[in-house]
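Comments concern the structure below.
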Amino acid sequence: MNKEPYSKQQLFNAILTGGNERDRALKYVFQHKHYRAMVEDIVIKGGGNEEHGKMVFNNCVILLDKLVRRKLFKTESIDEFFESEAKTDWCRELITNNKARDYVLSNITSDKELERKIHAVIVSNSGSKEDARDTYQNGLIQIDSHMKEGKFRGGAVKGFFYQVCYNLWRNELKRAKMASLPEDGFDISINTLDPQRELERKEQKILFKKIFNQLGESCQKILRLKFFIVDQYSMDEIAEIMGFKNGQIASNTLSKCRKQLWEALQQFKPTFAWNKIM
Amino acid sequence: MEQDNVNKVESYFRDELTPGEKEQFLKEMDENPELERLYSEYMLSMEAIDQQVETELRDQFNEWEGNVENEKSKVRFMPIIWKVAATLILLAVAYIVFYQVNIETTSGDKLALSEYQLPESPGSTMGDGNAQWSEGIRFFESNDFNGAVDSWSAIENPNPEMQYYLAHAYFNIGDYNEAANLFQALSEGNSVYGYSSDWYLLLTYMANNQQNDFNKQLARISDDPTHPYLEDALDLGEHEIEW
């Protein structure tokens, strides 16, 4: 059977309805073989393994839910979303996850065909065997720092590594004023992800969870009612659910709870400030 | 004053501001510490909720993954399960015959109605410009299903969306035969309503006491391990139904 129970709009409506409808829609996405395979493929091409693919896929589903709940989903189609987000998320993971980076490096070094190809291009362009070996080693060091610095923007990591080595040798020839290799149009100077921001993001996640759990139960409940899904409930409806007399009381309570949360954050991080560009 | 700031911050987060207004808002925030603090409180509240939701979803993923594994193992060990099931059925029959135990049963129509969920209104996204469709939507949204049937059944060449909602309207006025005809056509077609129609067809048969059709439809859903309504259908099949 090749039928889709949800169009994009129906999927979004189900998520915005909340409750069982949201669960069912998210479960459908989570068990969608095509989306999952697409993400795994991107991660494996990016040097990861199936487990990494699974992790990235889960992150993508969480982000999809968040963007829909916040009414910030701007991508044309769900396919496009998974494709672009899988690349970004994997690159993000490579900034902060040392083990994942090591895995990618070992994946590259275990490809002997790639190593031979890199050696061949250097030796056939005025390089010795030793030059080839050095360039390959330097390439590994450089690709590791590119991943750490968010300069790897997804796609095939082995192709990226080949280009890194190619550029290294081209620059070497330029320096030695030997016949240069042609430009390949490959530019790794654009930094798409901010490594400092990625590290902060991980730290913030833990902190926000901790301070939220410190709030009283009713504060947690009212904040959830207000901020779980954009505009799901009016203040009068929140008052009814919370058992308050009217919307004004709900509004005042909400304000107090927001302040409490912010003050709790100040205790841990008095200098905390948001990047105001959303 | 606070309310003014709340309105500004909410408009900003709802993405309702034009680029110019957005710029103005960010500028004002630099000069107005109250507004900046409110913005920070909103951001923090949303992020903190998102962390909770993320944790819940990750737990949910594990559960769903477990379900997938269970479904796989169900298929793998089906012959053994069938043997065990057959033995259990024989034992149960013997138990009933010899000890005359009353088994609590549920009537099909009651169970079907308790499982049935009215889909959200289609809104006016598709079929715009069709007056009967728009009129039917208004009836549907006010739970006037007779009105919805009158409007939608008059549409010539209805598209799958129209058929799907008409089937629900028929279901809600208790005209299960018409509902079943429409759900069945959608279930066999290639529209996006296929899976949902499979499920609602199952409920329609149950509500209409069509035991044989119900069993066939249940088997049809059960044959597809990726069917999004598989679990619900299996749960439904486990009830002792009084036909």
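Chain letters run A, B, ... following the sequence lines, proteins first, then strands; residues in each count from 1.
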Using non-hydrogen atoms only, which part of B:S197 is less than 4.5 Å away from chain A: side chain, backbone, both, or neither? neither
For chain A, find which of B:Q117, B:Q60, B:R58, B:E10 contributes the most heavy-atom pairs closer than 4.5 angstrom. B:R58
Shorter than 4.5 Å, heavy atoms on both sides: which option in A:Q220, A:R69, A:K226 has the most such pairs with chain B? A:R69
Which bit of A:D65 comes within less than 4.5 Å of chain B, counting heavy atoms only: side chain, backbone, both or neither? side chain
When the aromatic ring centroids of A:F30 and A:Y35 are compared, is their separation below 6.0 Å? no
Can you tell whether the side chains of B:E41 and B:R37 come within less than 4.0 Å, N to carboxylate O? yes
Would you call A:E85 and A:R92 a salt bridge, using N to O less than 4.0 angstrom? yes
Chain B heavy atoms under 4.5 Å from A:E21: which part of the residue, side chain, backbone, both or neither? side chain
Can you say whether B:E23 sits under 4.5 Å from chain A via the side chain, the backbone, both, or neither, judging by heavy atoms? neither
Side-chain donor-acceptor distances from residues 212-219 of chain A under 3.5 Å, at least two apart:
residue	atom	partner	partner atom	Å
A:N213	ND2	A:K209	O	3.2

Can you tell me which portion of A:K205 sits under 4.5 Å from chain B's heavy atoms? Options are side chain, backbone, both or neither. both
What is the ring orientation for B:Y39 with B:F13, classed by angle as parallel under 30°, tilted 30 to 60°, or perpendicular over 60°? parallel
Quick one: CD1 on A:I229 to CD1 on A:I15, what's the gap to the nearest 0.5 Å? 9.0 Å
Check whether A:K33 gets within reach of chain B through its side chain, its backbone, both or neither, counting any heavy atom under 4.5 Å. side chain
Report the option among A:Q204, A:R70, A:K66, A:K210 that has the most heavy-atom pairs separated by less than 4.5 Å from atoms of chain B. A:R70
Could you check whether B:K8 pairs with B:D4 (Lys NZ or Arg NE/NH1/NH2 to Asp/Glu carboxylate O, under 4.0 Å)? no
Can you say whether A:L207 sits under 4.5 Å from chain B via the side chain, the backbone, both, or neither, judging by heavy atoms? neither
Less than 4.5 Å to any heavy atom of chain B: does that hold for the side chain of A:I62, its backbone, both, or neither? both
Considering only NZ, NE, NH1 and NH2 on the basic side and carboxylate oxygens on the acidic side, decide whether B:D198 and B:R220 come within less than 4.0 Å. yes
Heavy-atom contact with chain B under 4.5 Å, split by part of A:R201: neither
Ranking B:K22, B:E47, B:Q51 by heavy-atom pairs under 4.5 Å to chain A gives rank one to B:Q51
Per the ring pair (Phe, Tyr, Trp, His ring centres under 6.0 Å) rule, which among B:F183, B:W199, B:W152, B:F139 passes with B:H168? B:F183
Part of B:L44 within contact of chain A (heavy atom distance under 4.5 Å): both
